[in-house]
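Notes to accompany the following structure.
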Amino acid sequence: MTELHTLAGLIPGATPTAIPGLDGPVAKIFGYGLWLVILAGVGGTGMGVYKLAVSDKSRSGGGSEPFKWMGGGVAAILLAGSLITILNGISGT
(Lines give C-alpha, C1' and ligand atoms only; values in the text may rest on other atoms or scores of the structure.)
Protein backbone atom coordinates (compact mmCIF):
# COMPACT_ATOMS: atom_id res chain seq x y z
CA MET A 1 0.00 0.00 0.00
CA THR A 2 1.08 3.51 -0.69
CA GLU A 3 0.76 5.97 2.17
CA LEU A 4 0.60 9.69 1.62
CA HIS A 5 2.84 11.67 3.96
CA THR A 6 2.63 15.43 4.26
CA LEU A 7 4.85 18.07 5.77
CA ALA A 8 2.26 18.59 8.48
CA GLY A 9 3.81 15.71 10.42
CA LEU A 10 7.17 17.49 10.44
CA ILE A 11 5.84 20.88 11.54
CA PRO A 12 4.88 21.13 15.21
CA GLY A 13 1.32 22.31 15.64
CA ALA A 14 0.71 22.59 11.90
CA THR A 15 -3.00 21.96 12.04
CA PRO A 16 -4.72 24.94 10.45
CA THR A 17 -7.49 26.47 12.50
CA ALA A 18 -10.76 27.12 10.72
CA ILE A 19 -11.34 30.86 10.36
CA PRO A 20 -14.95 32.04 10.65
CA GLY A 21 -16.27 32.79 7.16
CA LEU A 22 -13.30 31.10 5.49
CA ASP A 23 -14.07 27.42 5.88
CA GLY A 24 -13.19 24.65 3.49
CA PRO A 25 -10.14 24.05 1.35
CA VAL A 26 -9.19 27.74 1.16
CA ALA A 27 -8.61 27.95 4.92
CA LYS A 28 -6.61 24.72 4.93
CA ILE A 29 -4.37 25.76 2.02
CA PHE A 30 -3.87 29.22 3.55
CA GLY A 31 -2.93 27.71 6.93
CA TYR A 32 -0.41 25.28 5.48
CA GLY A 33 0.91 28.02 3.18
CA LEU A 34 1.84 30.18 6.18
CA TRP A 35 3.74 27.28 7.73
CA LEU A 36 5.60 26.76 4.45
CA VAL A 37 6.54 30.46 4.42
CA ILE A 38 8.06 29.98 7.88
CA LEU A 39 10.05 26.99 6.63
CA ALA A 40 11.23 29.01 3.63
CA GLY A 41 12.31 31.80 6.00
CA VAL A 42 14.29 29.33 8.08
CA GLY A 43 15.92 28.06 4.90
CA GLY A 44 16.78 31.59 3.76
CA THR A 45 18.27 32.45 7.13
CA GLY A 46 20.31 29.25 7.08
CA MET A 47 21.54 30.01 3.57
CA GLY A 48 22.63 33.46 4.72
CA VAL A 49 24.54 32.01 7.65
CA TYR A 50 26.19 29.52 5.29
CA LYS A 51 27.12 32.26 2.79
CA LEU A 52 28.55 34.36 5.61
CA ALA A 53 30.66 31.44 6.82
CA VAL A 54 32.17 30.68 3.41
CA SER A 55 32.33 34.20 1.95
CA ASP A 56 35.49 35.99 0.91
CA LYS A 57 36.43 38.18 3.87
CA SER A 58 38.71 40.50 1.88
CA ARG A 59 37.82 44.10 1.12
CA SER A 60 36.78 43.32 -2.45
CA GLY A 61 34.27 40.61 -1.48
CA GLY A 62 30.53 41.23 -1.71
CA GLY A 63 29.84 41.28 1.99
CA SER A 64 26.19 42.33 1.93
CA GLU A 65 24.70 39.27 0.18
CA PRO A 66 24.62 36.98 3.25
CA PHE A 67 22.86 39.68 5.23
CA LYS A 68 20.24 40.03 2.48
CA TRP A 69 19.52 36.30 2.75
CA MET A 70 19.36 36.41 6.54
CA GLY A 71 17.22 39.56 6.58
CA GLY A 72 14.78 38.14 4.06
CA GLY A 73 14.52 34.90 6.01
CA VAL A 74 13.90 36.64 9.31
CA ALA A 75 11.34 38.93 7.68
CA ALA A 76 9.47 35.92 6.26
CA ILE A 77 9.47 34.22 9.67
CA LEU A 78 8.17 37.34 11.42
CA LEU A 79 5.50 38.03 8.78
CA ALA A 80 4.13 34.49 8.70
CA GLY A 81 4.36 34.13 12.48
CA SER A 82 2.44 37.33 13.07
CA LEU A 83 -0.23 36.33 10.53
CA ILE A 84 -0.63 32.94 12.22
CA THR A 85 -1.00 34.67 15.58
CA ILE A 86 -3.56 37.13 14.22
CA LEU A 87 -5.58 34.39 12.52
CA ASN A 88 -5.56 32.25 15.66
CA GLY A 89 -6.79 35.27 17.61
CA ILE A 90 -9.62 35.79 15.14
CA SER A 91 -10.66 32.15 15.26
CA GLY A 92 -10.58 32.15 19.06
CA THR A 93 -7.97 29.44 19.69
Side-chain angles (χ1 to χ4, degrees):
M1 285 192 178
T2 304
E3 291 185 35
L4 181 64
H5 294 283
T6 61
L7 288 176
L10 300 174
I11 306 169
T15 306
T17 307
I19 301 165
L22 189 67
D23 292 334
V26 174
K28 194 171 226 179
I29 290 170
F30 190 70
Y32 284 123
L34 288 174
W35 284 106
L36 290 176
V37 170
I38 287 180
L39 289 178
V42 169
T45 304
M47 184 67 164
V49 170
Y50 170 76
K51 283 183 171 276
L52 185 62
V54 299
S55 68
D56 181 19
K57 304 293 192 291
S58 67
R59 290 181 179 258
S60 62
S64 65
E65 185 183 4
F67 296 104
K68 291 178 187 176
W69 278 91
M70 287 187 281
V74 169
I77 293 169
L78 291 176
L79 175 69
S82 64
L83 284 174
I84 289 171
T85 304
I86 290 168
L87 293 175
N88 284 338
I90 290 171
S91 65
T93 57

Subject >> Val54-Met47 co-clustered via ILVMFWY side chain contacts under 4.5 Å >> reply: yes
Original post:
For Leu78, what are the other residues in its hydrophobic cluster, where any two members join if their side-chain heavy atoms are less than 4.5 angstrom apart?
Top reply: Val74
Original post:
Of the non-hydrogen atoms in Ala76 and Gly41, which two are nearest, and what is the gap between them?
Top reply: CB-CA, 3.9 Å
**OP:** Report the hydrophobic cluster partners of Val37, with the cluster defined as I, L, V, M, F, W, Y residues connected by side-chain heavy atoms closer than 4.5 angstrom, directly or transitively.
**Re:** none
**OP:** For residues Leu39 and Leu36, determine if any side-chain heavy atom of one lies less than 4.5 Å from a side-chain heavy atom of the other.
**Re:** yes
Original post:
Which pairs, with at least one residue in residues 43-54 and sequence neighbours excluded, count as a salt bridge (Lys or Arg N to Asp or Glu O under 4.0 Å)?
Top reply: Lys51-Glu65
**OP:** Please report the shortest heavy-atom distance between Thr45 and Met70, naming the atom on each side.
**Re:** O-CG, 3.7 Å
Original post:
Does one hydrophobic cluster hold both Tyr50 and Trp69, with members joined at side-chain heavy-atom distances below 4.5 Å?
Top reply: yes
